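One structure below.
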Amino acid sequence: MSLTLKIDVRPPRSKLVIEKSSFDDDKSRHRKNVEEHHFNHMVELFIPGCAELPPSVQAEFDRCDDYYLIKNVPLTELINKDFIENFVKKGSLYMLSHNTHIDKHNAYAVLPTGQLILSVHKDTYEELGLVGQPSQFNRKVKRKFVVEVDLTQDIFVPGKKNYERVKQGFQRTKLKADFLLSWKPEGTRQLAGSILSHFQGSYECERHSQAQQTSRHTDLLLPVVHSTELEEGEDGQWCSAREWYEWLGAVSCGISCNEAPEHYISRYSCPDPNELTAAAVRHSTTGFIAPGNVCTLQEAVRSYMRDNKSTCPWAALTAHGFVDSPVSWARREHGFHHGGENLYTFLIFRDSNYWLFQAVGTNDICP
Amino acid sequence: MKRIVSKGDAPYYYLKVLLEFEDKTMTVDVLTFRTVIMKAMMSMYGEIGAAVPIDILKYDVETMSAILRVAGSNMVKLWGALTMLSYYDEKPCAFRVEQVSPFLMALAASSRQLLLHTKE
C-alpha cells in the first residue's frame with residue numbers, strides 16, 4: 001500500500017473588485033459604498049503634485065470625531081431600554097468589540113441601522129438559545145454562528161417574548177467585551193458626549209482621538225493612468241488599474257519604487273509608463289472612524305479636485321476596515337482567514353470620474 | 001459604469017515577516033537576509049525551490065523585518081519554508097510571519113496592532 005501525502009499548495013482565495021464610474025452618474029454607488037462600510041480603522045489620502053495637504057482637506061481630517069473605549073460591558077447593557085431609546089434610535093451608533101479576534105473569540109458589533117450582530121462559537125451559541133445562522137465560511141464544521149438581534153423593532157421591548165428570551169440568553173452566558181464606540185446624534189439638540197455619561201457611572205470609559213500622520217515625498221515616479229481605461233493601453237500609453245493599485249500599496253507601505261534596487265533583492269519598480277512629480281503628500285488618520293467622516297472627507301477632496309487651481313492629476317482616498325469586524329459592507333458577513341482585509345480605495349480624477357477598488361480576503365462575500 | 005471582478009488566486013502575495021535570532025545582538029544586511037530565505041527554500045524544496053523568484057520590497061536592518069512579494073502559486077511553499085527554518089549558519093533563528101495578504105495596500109495598516117491615541 002502506498003501512502004501519498006497531499007499538500008494543498010493553492011494560496012487562499014481573495015477578491016478584488018474594480019469599478020469605474022462618475023460622481024455625476026445617478027447610478028453611482030460611491031456614497032453607498034462609504035456609508036455601508038461601517039468600521040474603519042485607518043483612512044489615508046495621497047495627493048501627488050502637492051507639497052502640503054490643502055487646508056480645506058486638513059480641516060476635515062481635524063474634524064474627525066473622537067471615539068470611546070468602554071471596558072467590560074455585558075451584552076445585557078446593549079438591550080437596556082433607555083440605551084436603545086436614547087442612543088440606538090436617536091442617531092448613528094457604531095460599536096465594535098475591541099481586542100476580540102474573530103477567528104478565535106466571540107465578536108460583537110452594533111450597526112447604525114440598529115442591528116446587534118454576534119459572531120459566536122458553537123458552545124456559546126448553544127447556551128445562548130437564540131436563532132442564528134451557521135457562519136457561511138465553515139458550513140461543514142459549523143464552528144461559528146452568527147446571530148442578529150434587531151434592536152429597533154417596535155416589539156423589542158421588555159415584557160415581550162423575544163426580548164425576554166434575548167435577555168435571558170445574555171444573562172445565562174454572561175457575555176461581555178470591551179467596546180469601541182462612536183455616536184453621532186440626529187440633529188444638534190444632543191451632544192455626542194452624552195453617551196459617555198450613560199456608561200461612565202458603571203463602567204471604565206476612555207476617550208480617544210484619531211492619530212494623524214503626514215509623510216511627504218519628493219521626486220516620485222507616478223504611473224500614468226487614463227481615467228476612462230481600466231485595462232492597460234494597447235501600445236503601452238497607460239498602466240492598468242491593477243498595476244496602479246499595487247503601486248499605491250507600495251507607496252503606503254513606504255517602499256521606494258523609483259528604481260528596482262538590484263535583481264537579486266527585488267524586481268519591483270514603478271510600472272511603465274510613468275512621469276516624475278516634484279512633490280507628493282500622504283496623510284493618514286488612525287482610530288475608530290465613522291463612515292460619516294469619510295463621506296465629508298471625500299466631498300472635500302472632490303471639491304478640491306474640481307477647483308482649477310489644483311495641479312494634481314488625481315487623488316487617492318483609502319479606508320481600511322477592521323480585520324475582526326463581523327461585517328464588512330452593510331450586513332455582509334466577514335471573517336478572518338490568514339488575513340481579514342476589507343478595504344476600499346477611491347481614485348478620484350479631476351473630470352469627476354472615479355475608480356473604486358474594493359479588496360476582500362477569503363472569508364468575505366464579494367462586495 | 002464598468003466593473004471588473006477578479007476572484008480566486010491573486011497574481012502576487014505579500015508577506016510581512018520578521019527574522020529573529022536567538023542571539024538578540026545579531027543583525028544581518030539585506031543580502032544576507034535574501035540568502036537566509038534562499039537557504040530556507042533550498043532545504044525544503046531543493047534547487048527548484050531556491051530558484052523561486054522572491055522580491056524583498058522593503059527591509060529594515062534594525063528590526064530585521066521585511067515585506068516580501070511572491071507569485072501566488074509559490075506563496076504556500078515560501079510560507080512553509082520560512083516556518084521550517086530553524087538555523088542559519090549554525091545560529092538558531094526563526095521567521096515570524098506577521099501579516100499575509102494578496103493586496104500590498106492591506107499591509108499598510110493592521111487593526112490588530114491598533115494603538116488607541118489620547119489627546120494630550
Side-chain angles (χ1 to χ4, degrees), chain A residues 7-22 25 27-28 41-42 44 66 69 101 206-211 230 241-242 245-246 248-250 252-257 261 264-268 284 286-287 318 320-324 338-341 343 345 357 359 361 366, chain B residues 1-16 29-31 33-35 38 45 53-60 66-80 97 99-120:
Chain A
I7 303 171
D8 191 359
V9 290
R10 281 174 308 164
R13 295 170 64 82
S14 63
K15 295 164 208 89
L16 176 66
V17 178
I18 308 174
E19 218 172 82
K20 181 190 80 183
S21 188
S22 164
D25 190 340
K27 287 184 186 161
S28 171
H41 85 273
M42 177 159 138
E44 58 177 278
D66 286 355
L69 175 70
H101 292 182
E206 289 171 12
R207 187 185 176 124
H208 295 283
S209 51
Q210 323 283 355
L230 292 175
R242 202 162 183 137
Y245 190 55
E246 186 187 28
L248 185 73
S252 291
C253 289
I255 295 164
S256 84
C257 33
Y264 181 64
I265 304 295
S266 167
R267 294 157 304 141
Y268 183 72
S284 68
T286 317
T318 305
H320 296 258
F322 277 83
V323 296
D324 294 306
H338 296 311
E341 49 277 271
L343 52 127
T345 300
F357 298 77
C366 191
Chain B
M1 197 173 103
K2 193 180 173 191
R3 193 174 155 100
I4 304 175
V5 182
S6 351
K7 281 188 187 181
D9 304 348
Y12 287 109
Y13 267 79
Y14 307 88
L15 293 93
K16 199 182 252 184
D29 63 357
V30 65
L31 280 169
F33 189 82
R34 180 70 181 87
T35 314
M38 200 189 70
Y45 300 101
I54 297 161
D55 298 313
I56 301 175
L57 298 182
K58 184 183 175 184
Y59 179 68
D60 181 20
I67 294 178
L68 309 179
R69 181 178 79 157
V70 67
S73 52
N74 291 319
M75 195 280 270
V76 176
K77 287 183 197 157
L78 173 64
W79 196 342
V97 179
Q99 231 180 323
V100 181
S101 177
F103 314 107
L104 188 49
M105 187 50 129
L107 300 191
S110 166
S111 67
R112 287 197 171 175
Q113 270 100 48
L114 176 70
L115 295 171
L116 307 179
H117 174 81
T118 318
K119 219 179 257 175
E120 281 134 30

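To find a chain, count down the sequence lines: A is the first, B the second, and so on, and within it residues start at 1. Remember, it's a predicted structure, so these values are computed and weren't measured experimentally.
- Counting only distance, with no hydrogens or angles, the side chain of A:K20 and the backbone of A:L230 share no donor-acceptor pair below 3.5 Å.
- The greatest number of non-hydrogen atom pairs below 4.5 Å with chain A, out of B:D55, B:L114, B:V97, B:L115, is found for B:D55.
- Using a 4.5 Å cut-off between heavy atoms, B:Y12 touches chain A through its side chain atoms alone.
- Interface summary for chain A: among B:L116, B:V100, B:V30, B:N74, the most heavy-atom pairs under 4.5 angstrom belong to B:L116.
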Requested in this report: With side-chain contact (heavy atoms from CB on, under 4.5 Å) as the test, would you mind laying out the steps for A:L16 and A:R242 before giving the verdict?
Outcome: CA-CA 9 Å; A:L16 176 66; A:R242 202 162 183 137; 3.8 Å; yes
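- Ring geometry for A:Y245 against A:F357 counts as parallel: the plane angle stays under 30°, on a 0 to 90° scale with 60° as the upper cut.
- Between chain A and the residues B:R112, B:Q99, B:R69, the most heavy-atom pairs under 4.5 angstrom are made by B:R112.
- For the pair A:C366/B:V5, a side-chain contact is recorded, criterion being any heavy-atom separation below 4.5 Å from C-beta on.
- Between the B:K77 side chain and the B:Y45 main chain, no donor and acceptor come within less than 3.5 Å of each other.
- Residue with the most contacts toward chain B among A:C253, A:S21, A:S28, A:G287: A:C253 (heavy-atom pairs, distance under 4.5 Å).
- Of the candidates B:S110, B:S111, B:S101, A:E341 forms a side chain to side chain donor-acceptor pair (under 3.5 Å) with just one, namely B:S101.
- Only the backbone of B:S73 has a heavy atom closer than 4.5 Å to any heavy atom of chain A.
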Query raised in the report: When you look at A:V17 and B:R3, which way does the side-chain contact (heavy atoms from CB on, under 4.5 Å) test go after all the steps?
Result: CA-CA 7 Å; A:V17 178; B:R3 193 174 155 100; 3.6 Å; yes
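- Heavy-atom distances place both the backbone and the side chain of A:H338 under 4.5 Å from chain B.
- Counting heavy-atom pairs closer than 4.5 Å to chain B, the top residue among A:M42, A:Q210, A:R13, A:E206 is A:R13.
- B:R34 forms a cation-pi arrangement with A:Y264, by the criterion of a distance under 6.0 Å to the ring centre and an angle within 45° of the ring axis.
- Taking A:G321, A:G254, A:G339 one by one and counting their heavy-atom pairs under 4.5 Å with chain B, the maximum is reached by A:G254.
- Residues that satisfy the salt bridge (charged side-chain N to carboxylate O under 4.0 Å, His left out) test with A:E44, not counting sequence neighbours, are A:R282.
- For B:I67, the part lying near chain A is the side chain, with the backbone staying farther off; criterion is any non-hydrogen pair under 4.5 Å.
- With a 4.5 angstrom heavy-atom cutoff, B:I54 touches chain A only via backbone atoms.
- Heavy atoms closer than 4.5 Å to chain B are found in the side chain of A:L343, but not in its backbone.
- If you measure heavy-atom distances from B:Y59 to chain A, you find no contacts under 4.5 Å at all.
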